[in-house]
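Letters go in sequence order (proteins before strands), and every chain restarts at 1. Values below: all heavy atoms of this structure, side chains included; hydrogens, waters and symmetry mates excluded.
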Amino acid sequence: MLFPEIKNLGEDSCEKVLSSISLEEPKNREFGDLTTNAAMVLASKVRKKPADLAILIKDKILYKYEEIKDVSVAGPGFLNIKLKDSFIIEKILDVFEKHDSYGSNDLAKGTKIQIEYVSSNPTGNLHIGHGRWGVMGDILSNIYSLNGFDVCREYYVNDYGTQAKIFSECVKSVYLEKFDMKYPYPEEGYPRDTVSNVADILFEKFADTFIKNKKTLEFDDISFSKNAIGIMVSFISDTLKSIGVEFDVWFFESSLYGEGSFEKTLDFLKKRKLTYEKEEALWFKSTAFGDDKDRVIIRKDGNPTYFASDIMYLMNKKERAFEYLLYILGADHHGYISRLKAIASSIGMDSKKVSIVIGQLVRIVEGREVQKMSRRKGKGFTLDDLVSEVGKDAVRYFFSMNSFDTHLDFDISLAKKKSSQNPVFYVQYAFARVGSIIRKAGESRPGNIDADFISSMDDYDSQAFKDFLLRIDRNDFKNSSERNLAWTILLLPDNVRDACKSDAPYFINQYLYRLASEFHYFYKHNKIISKDKVNIKRLLLALAARLVLKKGLAILGVSAPERM
RNA sequence: GCGCCUGUAGCUCAACUGGAUAGAGCAUCGGACUACGAAUCCGCAGGUUGGGGGUUCGAAUCCCUCCGGGCGCGCCA
């Protein structure tokens, strides 16, 4: 999304017109490398026919550029531009020049953004959906970083309210059984197997530490609960780590409530006349800020609600001076959008800088069987099940390959396949193929390549590599497969930028698939190594493809194997 | 009932946010190994964009209205 300021150049009409001019790849590649609608957008402003204006732009402006080989006017007034091969080759050399920084930009210039995702209650295992939000959050964080943002990845742990309490009670009941002590298991309690795991660990680690007096049943509930939740959080953290999802901050809801901070918040709200009492409860006027109903802050029984925590948490985020806040929530939480925005406005934040992405739910599909994700045990897959079934790479690729807005069908049998039907393998195989070429080149000891270079094909800063780049000629490509591959290699930065603009990690997946496809075709139709010689320019393209594939896979957090 | 998302090829999804002939991958059918990895490549076929109206030079995209699917609407978190 890159947020309003960066996305829109401004309100004033002139800039608005300019910003609606596009320069992009045409839908149909035969039209050229780039196309612009400039003539159509500007035509009415200068009172000319789009086609006439297009010809004017073509002759007076575009032909001045050395990089341009040809321009044609087509359709209602599109200007199609074909670039010179020599220019594309220069750009490929640039890719190696930049290498590590290739694909990144500094559009956001260190702007602080916090991305909160998963934030599942620490009262049970993660389900498949959490995996999707986790992967989405992680990849989006990567993408934001590449666009220059200073990203804080955060998980909000709900360890304070009723649910956390019920969970502790469950664990306590099982735990005390180990000492032949009876404690009622709450009705509507959590599934017993997860609870037992936690109780077992507490027993192993702490033995009877929490039991202060066996006869009077005196029990250290506070410490017990804290540890029980802590263990659950470590389970969750382990699961997420297994798919490469990690956080900078694990923020505990309970930490909001120390040292009279709740009272301070109440004072703050009361002073601003944002609260009122009704039916023995304290309410927050969230409707004044666009929410669809007012919310209770303090219940009839005197306890704060979850909404109260939301307010304090948001104030806390504000204090930490994040310029932008991004939430990734499951579709079952879409009711939050208006309330979070309402809180943000009420405490003086710009609600436009609080952005909420809603991910649609996930179904597991195996053949024709459809399973809905479920948190209840015995029904459906947990995230752990899925990871052990198909592995980290497939989980990450499949979870990121579609738009957030579509319900995702996760096809387990497809994810397990090791063939071209499986997009993960297709992309990884392209990378492995370049590795294979490099090895082959080393073995065949070609006359026109020296040994230093072969051993340093990954070391773009080495002298041998730089010498190699100097040998590349600027002559035209021999065929369209060489040119298309080169062109595709150059599109990574645009995709990284657009993926951020639209909060769409799947742009990267699609780009990688296209690049892999372009490479496979190139590979099939062009010989790189012949008997005693290497085609240097083709090797250059293969190496550039390798660099970009690696970079792209890294954004997705999917491994790039040398061999498969 | 109200709100959010959604309906595109047999299946899973795209379409650069209003642009050119709606594109990919699976699946189906045909073709290519004496070959740097056939885990690949090439080709054929597949569509009234759920239905109907409207807005304009131009609509899968925006508006209205039906129909279908998912998810929300607690003094739970």
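Salt bridge annotation for A:Lys317-A:Glu154: absent, with no cationic side-chain nitrogen under 4.0 angstrom from a carboxylate oxygen. Under a 4.0 Å N-O distance rule, the pair A:Arg546/A:Glu562 qualifies as a salt bridge.
Here the separation of B:G53 from B:U17, taken at their P atoms, is 29 Å to the nearest Å. For B:U56 and B:C73, the P atoms lie 41 Å apart once the distance is rounded to whole Å. Comparing B:G1 with B:U8, their P atoms sit 24 Å apart, to the nearest whole Å. For the P atom pair drawn from B:A24 and B:C42, the interatomic distance equals 11 Å after rounding to whole Å. Between the P atoms of B:A60 and B:A20, the separation comes to 9 Å (whole Å). Remark: the separation of the C1' atoms in B:U6 and B:U49 is 14 Å, to the nearest Å. Distance noted for atom C1' between B:A59 and B:G68: 22 Å (whole Å). Annotation: B:G52 and B:U48 have their C1' atoms spaced 13 Å apart (nearest Å).
Here the C1' atom of nucleotide B:A20 and the CG atom of A:Leu79 are 13 Å apart, to the nearest Å. In this structure, A:Ile529 atom CD1 and B:C36 atom C1' are separated by 5 Å, rounded to whole Å. Going from atom NE2 of A:His407 over to atom C1' of B:G70 covers 4 Å, rounded to whole Å. In this structure, the OH atom of A:Tyr513 is 12 Å from the C1' atom of B:C41, given to the nearest Å. Here the C1' atom of nucleotide B:G69 and the CD atom of A:Gln360 are 11 Å apart, to the nearest Å. Remark: P of B:C13 and CD1 of A:Ile508 are 20 Å apart, rounded to the nearest angstrom. Between the C1' atom of B:A77 and the OH atom of A:Tyr155 lies a distance of 12 Å, rounded to the nearest Å. Distance, A:Glu518 CD to B:C41 C1': 13 Å, rounded to whole Å.
A:Gln428 comes within 4.0 angstrom of nothing in the nucleic acid, heavy atoms only. Note on A:Tyr306: a base of the nucleic acid sits closer than 4.0 angstrom, heavy atoms only. Contacts of A:Arg339 with the nucleic acid, taken as non-hydrogen atoms under 4.0 Å apart, include base atoms. Note on A:Ala74: a base of the nucleic acid sits closer than 4.0 angstrom, heavy atoms only. Among the atoms of the strands shown, base atoms are found under 4.0 Å from some heavy atom of A:Glu25. Contacts of A:Ile358 with the nucleic acid, taken as non-hydrogen atoms under 4.0 Å apart, are absent. A:Asp159 comes within 4.0 angstrom of nothing in the nucleic acid, heavy atoms only. Within 4.0 Å of A:Lys440, counting heavy atoms only, lie sugar-phosphate atoms of the nucleic acid but no base atom.
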Given A:Ser481 and A:Asn479, is the side-chain hydrogen bond (donor to acceptor under 3.5 Å, both in side chains) satisfied, shown in steps?
CA-CA 6 Å; A:Ser481 66; A:Asn479 56 53; 2.7 Å; yes
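If you check distances only, the side chain of A:Thr35 does reach the base of B:A20 with a donor-acceptor pair under 3.5 Å. A donor-acceptor contact under 3.5 Å is not formed by the side chain of A:Tyr523 with the base of B:A38. At a cut-off of 3.5 angstrom, the base of B:G3 holds at least one donor-acceptor pair with the side chain of A:His334. Side-chain atoms of A:Asn37 stay outside donor-acceptor range of the base of B:A20, with no qualifying N/O pair under 3.5 Å.
As the counterpart of B:G72, B:C2 is assigned, both hydrogen-bonding distances of the Watson-Crick or G-U wobble pattern falling under 3.5 Å. In a base pair of the Watson-Crick type (N1 to N3 plus N6-O4 or O6-N4) or a G-U wobble (N1-O2 and O6-N3), with each distance short of 3.5 Å, B:A35 is matched with no nucleotide. B:A24: Watson-Crick or G-U partner is B:U12, with both key distances under 3.5 Å.
Every side chain to side chain donor-acceptor pair (under 3.5 Å) that A:Thr287 has, sequence neighbours left out, goes to A:Asp294.
Closest to the side chain of A:Ile437, out of B:C36, B:A20, B:A77, is B:C36. The nucleotide whose nearest atom lies closest to any side-chain atom of A:Asp332 is, among B:C36, B:C71, B:C76, B:C71. With distances taken from any side-chain atom of A:Lys527 to the nucleotides B:C36, B:C42, B:C75, the minimum falls on B:C36.
A parallel orientation is assigned to the rings of A:Tyr313 and A:Tyr156, their planes being inclined by less than 30° (bins at 30° and 60°).
Aromatic pair A:Tyr155/A:Trp250: ring centres closer than 6.0 Å. In this structure, A:Tyr327 has its ring center no closer than 6.0 Å to that of A:Tyr336. Residues A:Tyr426 and A:Tyr513 bring their aromatic ring centres within 6.0 Å.
Side chain to side chain, A:Glu253 and A:Ser309 meet the donor-acceptor criterion of an N or O pair below 3.5 Å.
Of the side-chain N and O atoms in A:Tyr506, one or more sit less than 4.0 angstrom from OP1 or OP2 of B:A15. Between A:Arg514 and B:G25, a side-chain N or O to OP1/OP2 separation shorter than 4.0 Å is absent. The phosphate of B:U6 (OP1 or OP2) has no side-chain N or O of A:Thr406 nearer than 4.0 angstrom. Residue A:Tyr426 has no polar side-chain atom (N or O) positioned under 4.0 Å from OP1 or OP2 of B:A24. For the OP1/OP2 pair of B:C41 and a distance below 4.0 Å, the side-chain nitrogens and oxygens of A:Arg433 include no atom meeting the criterion.
Taking 90° from 0 as the syn/anti boundary, the base of B:U61 is oriented anti. With its glycosidic angle more than 90° from 0, B:C67 adopts the anti conformation.
A cation-pi arrangement is absent between A:Lys285 and A:Tyr276, since the terminal nitrogen or guanidinium carbon is not both under 6.0 Å from the aromatic centre and inside a 45° cone about the axis.
Both geometric conditions, a ring-centre gap below 5.5 Å and a plane tilt below 30°, are not fulfilled together for A:Phe78 over the base of B:G19.
Along RNA chain B, the nucleotide closest to A:Arg563 and the one closest to A:Ala164 are compared, and the more 5′ of them pairs with A:Arg563. Map A:His520 and A:Glu24 each onto its nearest nucleotide of RNA chain B; the residue landing nearer the 5' end is A:Glu24.
For the pair A:Glu482/A:Arg538, a side-chain contact is recorded, criterion being any heavy-atom separation below 4.5 Å from C-beta on.
For RNA chain B, the residues of residues 287-295 of chain A within the heavy-atom distance limit of 4.0 Å (strictly under) are A:Lys293, sorted by number.
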